[in-house]
Protein chains: 2
Amino acid sequence: MGKNKQVPVEEQSGPLMADVARLAGVAISTVSRALANPGRVNEKTRAKIDAAAKQLGYTPNAMARSLRVGRSNIIMIILPGSLYYGVSQIIPQVLQSINKALIQNGYNLMIANLDRDAESERHILDLAFGGTARGAIILSSKLPEIDGRSLANAGLPIVSMLLDMSDAGLPSIVTNDREAVRDVTAEMIRLGHRRFLYIAGPEGNYHDVERYAGVLEALRDAGVPESAVSRSGGRLDYQQGFAIGVHAAADFAQLADRPTAVIATSDDMAISFISRVQRMGFTVPGDLSVVSFDGSPVCEFSSPPLSTIEQPVEEMGQAAVARLLGAIGRSPEEPALRTTIRSKLILRESVAAAKG
Amino acid sequence: MGKNKQVPVEEQSGPLMADVARLAGVAISTVSRALANPGRVNEKTRAKIDAAAKQLGYTPNAMARSLRVGRSNIIMIILPGSLYYGVSQIIPQVLQSINKALIQNGYNLMIANLDRDAESERHILDLAFGGTARGAIILSSKLPEIDGRSLANAGLPIVSMLLDMSDAGLPSIVTNDREAVRDVTAEMIRLGHRRFLYIAGPEGNYHDVERYAGVLEALRDAGVPESAVSRSGGRLDYQQGFAIGVHAAADFAQLADRPTAVIATSDDMAISFISRVQRMGFTVPGDLSVVSFDGSPVCEFSSPPLSTIEQPVEEMGQAAVARLLGAIGRSPEEPALRTTIRSKLILRESVAAAKG
DNA sequence: AGCCGTTTAGCAAACGATTGCCAAAAATCG
DNA sequence: CGATTTTTGGCAATCGTTTGCTAAACGGCT
């Protein structure tokens, strides 16, 4: 019925809510209500509206909606600028699981990269203060701040992943790194190992501090002196994980009283380390046992298959989203500020009993 | 009854353009002009406005702007749902380079995952038709379409990465897979290899078709019969890259006349394959040479160090962005519809001359 | 018929910016 | 100093949706 004199030459923008209303023969406000709040409208008209919308291929304009209601449905994830290999390995999985969880709840995921430069921080803050982002998940990094603006007071819910920032009042999803390292170290002690090499990430890095503390705890618990462990690395960024392993191998060769057990803080360090020491003539696990961090799939197929502490990324992603949406959904009833997800030790052939 | 004055829980709306105008003592339209078009306004007032904006910590509302001007500054990248390990390895780098290039041009990157389910496709199309996305980069996947809507007619500029869709009229950024495989196969023939094993990805997959064609071309060029190459794999998705390699190793063991050269279509296949055949007692490159695809950093440290064809992801990302922004900014002055980036063969110890 | 509870129409004001317009003010120049 | 150019100030419309409001339409029920 009704002649539509409006010739939609403007392919620029698709059908509007008004078009749907016209086709369905209802008021525009009814359409809006039907779409947003199906309960408040008669089933019959709702069906009519749905049909009209589908027929026109109507898609509501997300920005108009966000502008009106004052909040977007975009969550941003802040990735550390330097994607060190270890994290790099798990990033796709993290993104995948976070994105999936978000979409199921009607949110979208936007990427923000936290490079070292001011421009990058400014960009993230623009996203936050400019109303584009509704919340943020920050992966293993500190909060960006510049020009007197800080992400902390952008009024956005924020969740920290991997890095424990609960001290700063930020909900944090972390793994039990320290405990995991302590356990695996204890296991190695049980296997007779008494001299250790610890291959570190960047000096002062949170993960590194935690993990090394785990080693020390295990030693203390077993009455082994702290001097039993040598450290290598700490000068380079995780980004150069392979390079760290190479260096560590050189360090290892220099040691007078050679360790029989090696704890690496990422899989890539362990892999390049093993590759190099094998070339020097050492055998794994004959001469030395190796365990590392991250749980990269490739570990199963290195030679020898590498023991590793798997980060439960999928679970962490889901936990982060759940936490964030909780904060958005206005539950000021904070559960625990810190959520710990247990990582899983996967023992493979790279670890064996100490000789003699 | 009466006014139900729900307490507007901390209305987080920051300073507005009007506030800046008031503080700077100018009109709101002048502020807008100063920020968008610094040339059209007096240097002195511009400075005054900038100062006021900075003092207030003003950040323009991106959605209001986008709504008004009719286009957003969000680019979405559509990732294949099943992140097979090979692509998974390079995804962080892809995202990194694309995001960087986008930000430099004032755009933002949003992630969209193309899972197998209808919900995921619908979601992507909502982004496109709902005006959220201004353009799309699609990674190694076909265009999503459902409910009579297709990404193709969302009116968005689209660039395809890795997958050649220039036939469908889509600007595509691809690598010269075929040529690269042909060259490396030819090299192996030169080294005396005459029996090949090709470890395939999913049957019918674009990359796989191209790469296998490259093998055949090299054989033909050298006058070696096609029967010289056995195929393994093709049943599993890339996602199970390691599993494919494991299977391939089993297949290899069964072959009567064993190949001396192996071409794997991803690094992970090659790695698990090597791991398994070594366990069976074969040596690499003594008994067989292996080359693979992707250029994962880990290849350098596998045993033996693995020859691989490196995908120039950084370059591809930049090219994709350049192409997309070209399409957004300019008229349809299409350069070449297909841009080919050369991949780079990295020869390591896993390849050697054939015995005898 | 009358009453009452649901639904809906129609209107209008937001949300925060951009932009065209015209007149007013200021700066420039001869 | 008058004429001309440049720069601003207001004003108002616009982007597409949400949402509160009133009044009207509708139906079921007694």
Side-chain angles (χ1 to χ4, degrees), chain A residues 2 6 8 10 12-49 52-53 56 58-73 106 126 129-132 134, chain B residues 1-6 8 11-49 52-53 56 58-73 106 126 129-132 134:
Chain A
Q6 302 284 43
E10 310 253 343
Q12 183 75 7
S13 70
L16 304 183
M17 188 172 278
D19 300 318
V20 177
R22 202 177 310 123
L23 180 60
V26 300
I28 186 172
S29 42
T30 307
V31 175
S32 177
R33 273 181 270 263
L35 265 38
N37 207 348
R40 285 309 296 163
V41 70
N42 189 319
E43 164 62 23
K44 230 176 60 183
T45 47
R46 197 192 55 72
K48 210 163 51 180
I49 290 171
L56 289 174
Y58 170 72
T59 307
N61 184 304
M63 308 215 274
R65 169 170 216 290
S66 296
L67 176 59
R68 174 59 229 252
V69 302
R71 54 200 127 88
S72 84
N73 62 348
D126 283 349
F129 285 90
T132 299
R134 177 88 172 89
Chain B
M1 59 151 286
K3 292 283 191 177
N4 211 349
K5 198 67 176 181
Q6 283 292 51
E11 203 48 51
Q12 173 49 44
S13 190
L16 305 183
M17 188 172 276
D19 299 319
V20 177
R22 200 175 312 120
L23 180 60
V26 300
I28 184 172
S29 43
T30 306
V31 175
S32 178
R33 273 182 274 262
L35 264 39
N37 208 349
R40 282 311 293 160
V41 69
N42 190 323
E43 163 63 25
K44 226 177 65 185
T45 48
R46 197 191 56 70
K48 211 164 49 181
I49 289 171
L56 289 174
Y58 169 72
T59 307
N61 183 304
M63 310 238 215
R65 168 170 218 290
S66 296
L67 177 61
R68 174 59 230 254
V69 303
R71 54 201 129 86
S72 84
N73 62 348
D126 283 350
F129 284 91
T132 299
R134 177 88 172 90

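So that the names make sense, note that chain A is the first sequence line, chain B the second, and so on, each numbered from 1. Side-chain atoms are counted along with the backbone in the values below, which use heavy atoms only and exclude waters and symmetry mates. Just so we're clear, the structure is a prediction, and the values are computed from it rather than from any experiment.
A pairwise comparison of heavy atoms in B:Met63 and A:Gly131 identifies CE-O, 3.4 Å as the closest pair. In terms of heavy-atom proximity, B:Ser72 sits nearest to B:Ser66 at CA-OG, 3.5 Å. Across all non-hydrogen atoms, the minimal contact from B:Gly106 to B:Asn73 is O-ND2, 3.3 Å. Smallest separation of non-hydrogen atoms from A:Thr132 and B:Ala62: OG1-CB, 3.3 Å. Here the closest non-hydrogen pair linking A:Pro15 and A:Leu56 is CG-O, 3.5 Å.
Taking the side chain as every heavy atom from C-beta outward, A:Pro60 and A:Arg65 never approach each other to under 4.5 Å.
One interatomic measurement links the two molecules: CE of B:Met63 to P of C:dG16, which rounds to 11 Å at whole-angstrom precision. Between the CE atom of A:Met17 and the P atom of C:dA9 there is a distance of 13 Å, rounded to whole Å. Across the protein-nucleic acid pair, B:Leu35 atom CG and C:dT19 atom P stand 12 Å apart, rounded to whole Å. When the C1' atom of C:dG16 is taken as reference, atom CZ of A:Phe129 falls 17 Å away, rounded to whole Å. Nucleotide C:dG16 holds its C1' atom 6 Å from the CG atom of B:Asn61, rounded to whole Å. Put simply, CG on B:Asn73 is 20 Å from P on D:dC15, counting in whole angstrom units. Note: CG (A:Asp19) to C1' (D:dC15) measures 15 Å, nearest angstrom.
Distances were taken from every side-chain heavy atom of A:Ser32 (C-beta onward) to each of D:dT19, C:dG16, C:dT19; the shortest belongs to D:dT19.
The phosphate of D:dG16 (OP1 or OP2) has no side-chain N or O of A:Tyr58 nearer than 4.0 angstrom.
A side-chain contact (heavy atoms from CB on, under 4.5 Å) with B:Val31 holds for exactly one of B:Asp19, B:Val41, B:Val26; it is B:Val26.
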Produce the list of close N/O pairs, under 3.5 Å, pairing protein atoms with atoms of nucleotides 12-14 of chain D; give distances to one decimal.
| unit_1 | atom_1 | unit_2 | atom_2 | d |
| --- | --- | --- | --- | --- |
| D:dT14 | O2 | B:Arg68 | NE | 3.2 |
| D:dT14 | O2 | B:Arg68 | NH1 | 3.0 |

What's touching nucleotides 5-8 of chain D from the protein side, N or O pairs under 3.5 Å?
| unit_1 | atom_1 | unit_2 | atom_2 | d |
| --- | --- | --- | --- | --- |
| D:dT8 | OP1 | B:Asn42 | N | 3.2 |
| D:dT8 | OP1 | B:Thr45 | OG1 | 2.1 |
| D:dT8 | OP2 | B:Asn42 | N | 3.2 |

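Remark: A:Leu16 CG to A:Ile28 CD1 distance equals 8.0 Å, nearest 0.5 Å. For the atom pair OH of A:Tyr58 and CG of A:Leu23, the computed distance is 13.0 Å after rounding to the nearest 0.5 Å. One finds the CZ atom of A:Arg33 at 14.0 Å from the CG atom of A:Asn42 (value rounded to the nearest 0.5 Å).
Checking side-chain atoms of B:Thr59 against main-chain N and O of A:Asp126 turns up no donor-acceptor pair under 3.5 Å.
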Dot-bracket for DNA chain D, 5' to 3', Watson-Crick and G-U pairs with both distances under 3.5 Å, [ ] for crossing pairs, | for partner on another strand, reads ||||||||||||||||||||||||||||||
